Structures are given as C-alpha cells and as structure tokens.
*Asks:* 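The structure that follows is given in the form of structure tokens.
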Protein chains: 2
Amino acid sequence: MRLSTKGRYAVTAMLDLALNGKNGPVTLVEISENQGISLSYLEQLFAALRTKELVRGVRGPGGGYYLGKSADDISIANIICAVDEWVEFTRCGGRQNCSGGARCLTHTLWDDLSTEIFNFLADISLGDLVRRNLGKKDEEEKLTVVASSDSQAA
Amino acid sequence: MRLSTKGRYAVTAMLDLALNGKNGPVTLVEISENQGISLSYLEQLFAALRTKELVRGVRGPGGGYYLGKSADDISIANIICAVDEWVEFTRCGGRQNCSGGARCLTHTLWDDLSTEIFNFLADISLGDLVRRNLGKKDEEEKLTVVASSDSQAA
DNA sequence: GCATTTCCTACTAAATCACTTGGTAATTAG
DNA sequence: CTAATTACCAAGTGATTTAGTAGGAAATGC
C-alpha cells in the first residue's frame with residue numbers, strides 16, 4: 001500500500017465530487033478552486049480515475065464529472081490504487097523463499113501488515129465519509145450552505 | 001499520514017531487528033544483507049530512528065543496534081513517523097475556515113480519515129507482528145532456524 | 001594497535017511531484 | 001454556424017524525494 005500526497009489529492013477531489021455532485025456534474029475548475037489543486041494536475045488524476053471507472057466525464061458546456069458508481073461502492077483504497085499504482089514491495093515476488101530465510105520471514109510479516117492496511121482502507125467508502133459528516137451537522141452545515149451559494153456566485 | 005517505500009524499509013528493518021535481536025545487537029550489515037537494503041541508506045534511516053529513541057546503537061566490534069524500547073512499545077506509526085516526517089496536508093492549518101467552506105469541509109473529512117489511519121497503525125506494535133507470526137509457526141519456523149545459522153556463517 | 005562498528009557529511013542519478021503550456025475533441029448556447 | 005465551454009491529451013519542467021556512493025571520524029573489543 002502506498003499513501004502519498006498524490007493519493008491524498010485524489011481522495012480530497014473525490015470527496016469534493018461526492019459532496020457537490022448531487023445535482024449535476026462538477027467541473028474540474030470548481031474542484032481546482034475549492035481544493036487549491038492545479039487544474040492540469042487534477043486532469044491527470046482524473047484520467048487515472050476515469051480508466052478505473054471511478055468517475056465519468058461529460059464534455060461541453062454544463063459538463064463536468066460524475067462519480068462513476070455509487071459513493072458507497074467507491075472505497076478509499078480504490079481511489080488511492082487508481083492514482084498511485086500498487087507497487088510490490090517484496091522483491092522475492094511474494095511467497096517464494098528468497099535469498100535468506102529471515103528476509104522472507106520479515107517480508108511475510110510486512111506483507112500481512114500491508115494487506116491489513118489495504119483492507120482497512122478498502123472498508124471505508126466515500127459514502128461512509130460523507131454520511132459520517134452529515135451525522136454531526138452543526139456548524140459544518142452552515143459552511144456547506146455558504147460554500148454552495150458562494151461557488152455559484154464566483 | 002504518509003506511507004512511502006521509505007517507511008516500508010524502516011518497518012522491514014525494525015522487524016528484522018525485533019526478530020534477530022533477542023540475543024545481542026544486530027549490525028546494519030546483517031540487516032543490509034538480509035533485507036537487500038544498502039548499508040548507507042540503512043544508516044540514514046537508523047539515524048532518524050535513533051533520534052526518536054526507537055533504536056539504540058552500540059559501537060565497536062560486537063556492536064550493532066538494539067531496540068530502543070520493548071517491541072510492544074513501538075508501533076508501526078512510530079516507525080513511519082520517525083523516518084517520514086509527518087506532513088500536514090490541509091493548507092488551512094487544521095481547523096480554521098479557509099477560503100471556501102467546501103474546501104474546509106472536505107479537509108475536515110480527510111483529516112478525520114487521516115487520523116483514523118494513524119490510529120490504526122499506532123495500534124499495531126512490532127511485538128504484535130512478531131507474535132502473530134510465532135502463532136502460525138509451521139514451515140516458517142524452519143526458515144528462521146536456517147536463517148539465523150546462515151547469517152552467522154556469512 | 002587494529003579491526004569492527006556506529007556515526008556523520010556531502011554528493012548523485014533516477015524517479016516522483018505538482019504544475020505549466022499548448023493544444024484537440026465534443027457539446028451546448030446564441 | 002459560431003463561439004464558448006468543458007473534457008481529453010501530450011510534452012516538458014523545477015523542486016523534491018528516493019536510494020544509493022564515497023569518504024571519512026569516533027568509539028569500542030580483541
């Protein structure tokens with residue numbers, strides 16, 4: 001599992017999309033302004049997200065991006081893997097007994113931990129995150145309302 | 001939270017240390033050979049681990065590294081943070097209401113998730129990993145025996 | 001004294017990050 | 001039809017990170 005800033009940008013952008021995409025597509029320009037990420041970098045990220053069918057693009061005026069599937073069917077692991085490209089760490093190629101025994105033992109331990117981290121992130125969906133926030137809607141809600149009217153005005 | 005290959009090297013090396021350091025210190029040369037990591041890179045990683053007191057070095061012949069504290073008191077998050085240096089993602093500096101409202105809402109969501117990932121890794125200790133493996137000691141155990149006698153010979 | 005080992009600094013090729021530039025293709029509004 | 005808007009695509013770029021080299025100095029055991 002790899003969790004870099006690139007993955008964070010992707011998760012953040014997808015969260016923005018999930019939050020603001022309820023009525024109509026969201027443009028990358030909006031996400032760019034909302035999240036402070038450069039437009040072209042977003043394009044690169046969304047190119048990767050699109051090939052994994054996590055988002056769906058609509059061209060032309062009034063276009064933008066939709067989520068490719070339900071927010072409940074998109075896990076954090078899905079997003080990170082889409083942009084960050086899973087790298088195999090253990091050089092022995094998984095389960096084979098490589099050079100020394102201790103090496104492979106450590107690798108097995110790491111591999112187990114790595115799987116656990118992945119499963120943890122695979123278990124959290126975009127929908128979970130959004131709902132988790134809606135649960136504690138107090139001062140946060142006001143921000144959302146201000147934000148949507150604000151972004152329309154700008 | 002940041003989980004790069006650098007952090008993986010560190011965790012792997014610390015695992016090696018926990019596994020092989022039960023009787024006497026382990027040299028970086030041994031870890032280097034076991035895990036296929038360059039000696040100087042290990043030195044850099046262990047310099048960071050040492051300042052966080054996760055390892056303790058002993059110079060001279062017969063020297064090497066001990067764990068800085070009990071394997072149960074060293075979490076995976078400890079190790080990763082030591083070498084990878086926690087980077088704050090949200091530019092708004094945490095909880096302030098930055099430029100737009102939607103931005104900070106997304107940031108809050110990400111921040112919560114990030115904390116959750118951290119807690120997950122903070123909850124797994126080196127000792128846990130080692131014991132977890134000792135539980136299923138079948139063909140793995142044979143490898144350990146071969147390895148320790150092997151590394152002594154080399 | 002000598003070999004071993006940690007400890008320390010500086011340097012480097014390669015990769016990655018985040019972004020810029022400069023487009024093309026599809027779609028809508030007028 | 002034209003112009004504006006938006007996704008889509010490719011090449012390049014400075015800054016940073018990665019993983020490693022090189023060349024030591026300081027401590028310690030034999």
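Since this is a predicted model, take the numbers as computed values, not measurements. Both backbone and side-chain heavy atoms feed into the values below; hydrogens, waters and symmetry mates do not. Residue numbers begin at 1 in each chain, while the letters A, B, ... track the order of the sequences.
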*Asks:* Please report the distance, rounded to the nearest Å, between CG in A:Leu45 and C1' in D:dC9.
*Replies:*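 Going from CG in A:Leu45 over to C1' in D:dC9 covers 15 Å.
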*Asks:* Is the phosphate of D:dT17 approached by B:Ser4 (side-chain N or O, under 4.0 Å from OP1 or OP2)?
*Replies:*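 Indeed not, no polar side-chain atom of B:Ser4 lies that close.
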*Asks:* Would you kindly give the OH-to-P distance between A:Tyr41 and D:dT13, to the nearest whole Å?
*Replies:*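 Rounding to the nearest Å, OH of A:Tyr41 and P of D:dT13 are 19 Å apart.
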*Asks:* Once you measure the plane-to-plane angle for A:Phe46 and A:Tyr65, does it fall in the parallel (<30°), tilted (30-60°) or perpendicular (>60°) bin?
*Replies:*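 Taking A:Tyr65 first and then A:Phe46, their aromatic rings sit tilted (interplane angle of 30° to 60°).
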*Asks:* Report yes or no: do B:Ser4 and B:Asp84 form a side-chain donor-acceptor pair below 3.5 Å?
*Replies:*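 Yes, side-chain donor-acceptor contact under 3.5 Å.
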*Asks:* Hey, is CD on A:Glu43 packed in by over 12 heavy atoms from elsewhere, all under 6.0 Å?
*Replies:*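 Correct, the count exceeds 12.
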*Asks:* Can a side-chain donor-acceptor contact be found between A:Asn78 and A:Ser75 if the only test is distance below 3.5 angstrom?
*Replies:*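 Side-chain D/A pair, A:Ser75 to A:Asn78: present.
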*Asks:* Counting side-chain heavy atoms from C-beta on, which of C:dC19, D:dT18, D:dT21 comes nearest to B:Lys6?
*Replies:*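 So the nucleotide nearest the side chain must be D:dT18.
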*Asks:* Tell me, for nucleotides 5-13 of chain C in 5' to 3' order, what letter each nucleotide earns: B for a base near a protein heavy atom under 4.0 Å, S for only sugar-phosphate near one, - for neither?
*Replies:* BBBB-----
*Asks:* Parallel, tilted or perpendicular: which describes the rings of A:Phe120 and B:Phe120, with under 30° parallel and over 60° perpendicular?
*Replies:*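 The rings of A:Phe120 and B:Phe120 lie parallel, inter-plane angle below 30°.
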*Asks:* Could you tell me how far apart A:Asp84 (CG) and C:dA18 (P) are, to the nearest whole angstrom?
*Replies:*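 The answer, rounded to whole Å, is 10 Å.
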*Asks:* If you take all heavy atoms of A:Ser125 and A:Ala71, which pair is closest and at what distance?
*Replies:*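 Heavy-atom minimum between the residues: CB-O, 3.6 Å.
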